[in-house]
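Start at 1 with the first residue, then count along the sequence.
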Amino acid sequence: MSPTPTPTPTTGRAGATLQLLLGDGWFTVCDRSALIAGRGVAALLPDGRQAALFLDRAGRTYAIDNRDPYSGAHVLSRGLTGSQDGRAFVASPLLKQRFDLETGRCLDDESVAVTVYASRIES
């Protein structure tokens, strides 16, 4: 599991892109305009993995592995977003386990987690 990133507040700046911190530096994954608060977007990474990208209503971005560890399906970007005790999460659309968007930990089973990627908006 990757270190916990700090969510990045953002505005709808024209020409801005979302970047993820991967092993060899920052990688541009999509235009900021592709992100809609409360909805996920899937992105293919250079090594073949998939990331699930999210924007919350406060403008913070999050990125986690798109693979649901319970089903093995790449579906977390299609999950429902919400919050519990001030923590943003996504619920898997298949079996409904909830994953904290900052830490990747499963809120329903602390022994399970998904990878978290540091993210930023770059002009």
Using 0.5 Å steps for rounding, measure from the [atom1] atom of [X] to the [atom2] atom of [Y].
X	Y	atom1	atom2	value
D109	F99	CG	CZ	8.5 Å
L53	Y117	CG	OH	10.0 Å
I64	R105	CD1	CZ	14.0 Å
T61	F54	OG1	CZ	12.0 Å
L76	S71	CG	OG	7.5 Å
C30	L35	SG	CG	4.5 Å

State, yes or no, whether a side-chain contact exists between [X] and [Y] at a heavy-atom distance under 4.5 Å.
X	Y	result
L107	D100	yes
R32	L55	yes
V29	L45	yes
E122	W26	no

task: Take D47 and R49 through the test salt bridge (charged side-chain N to carboxylate O under 4.0 Å, His left out) and record every step on the way to the result.
output: CA-CA 6 Å; D47 64 2; R49 289 180 296 159; 2.6 Å; yes
Kindly give the heavy-atom pair with the smallest separation between [X] and [Y], and that separation in Å.
X	Y	answer
K96	A91	O-CB, 4.1 Å
C106	Y70	SG-OH, 3.6 Å
L44	F27	O-CE2, 4.4 Å
V41	A34	CG2-O, 3.5 Å
S119	Y62	OG-N, 4.0 Å

- prompt: Would a distance-only check, ignoring hydrogens and angles, find a side-chain to backbone donor-acceptor pair under 3.5 Å from N66 to S77?
  reply: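 Confirmed, N66 side chain pairs with S77 backbone.
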message: Donor-acceptor pair, distance only, cut-off 3.5 Å: does the side chain of D56 make one with the backbone of A58?
response: yes
message: Between R98 and D108, does any NZ, NE, NH1 or NH2 come within less than 4.0 Å of an OD or OE carboxylate oxygen?
response: yes
task: Using a strict 4.0 Å threshold on nitrogen-to-oxygen distance, state whether R87 and D85 make a salt bridge.
output: no
- request: Step through the shown structure and confirm whether more than 12 heavy atoms of other residues, nucleotides or ligands are within 6.0 Å of CD on Q84.
  value: yes
field: Worked verdict on I121 versus L18 for side-chain contact (heavy atoms from CB on, under 4.5 Å)
entry: CA-CA 5 Å; I121 298 294; L18 176 65; 3.8 Å; yes
query: Are V114 and V112 in one and the same hydrophobic cluster, where Ile, Leu, Val, Met, Phe, Trp and Tyr link if side-chain heavy atoms are under 4.5 Å apart?
result: yes
field: Under the side-chain hydrogen bond (donor to acceptor under 3.5 Å, both in side chains) test, residues paired with T17 that sit two or more places apart
entry: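 None.
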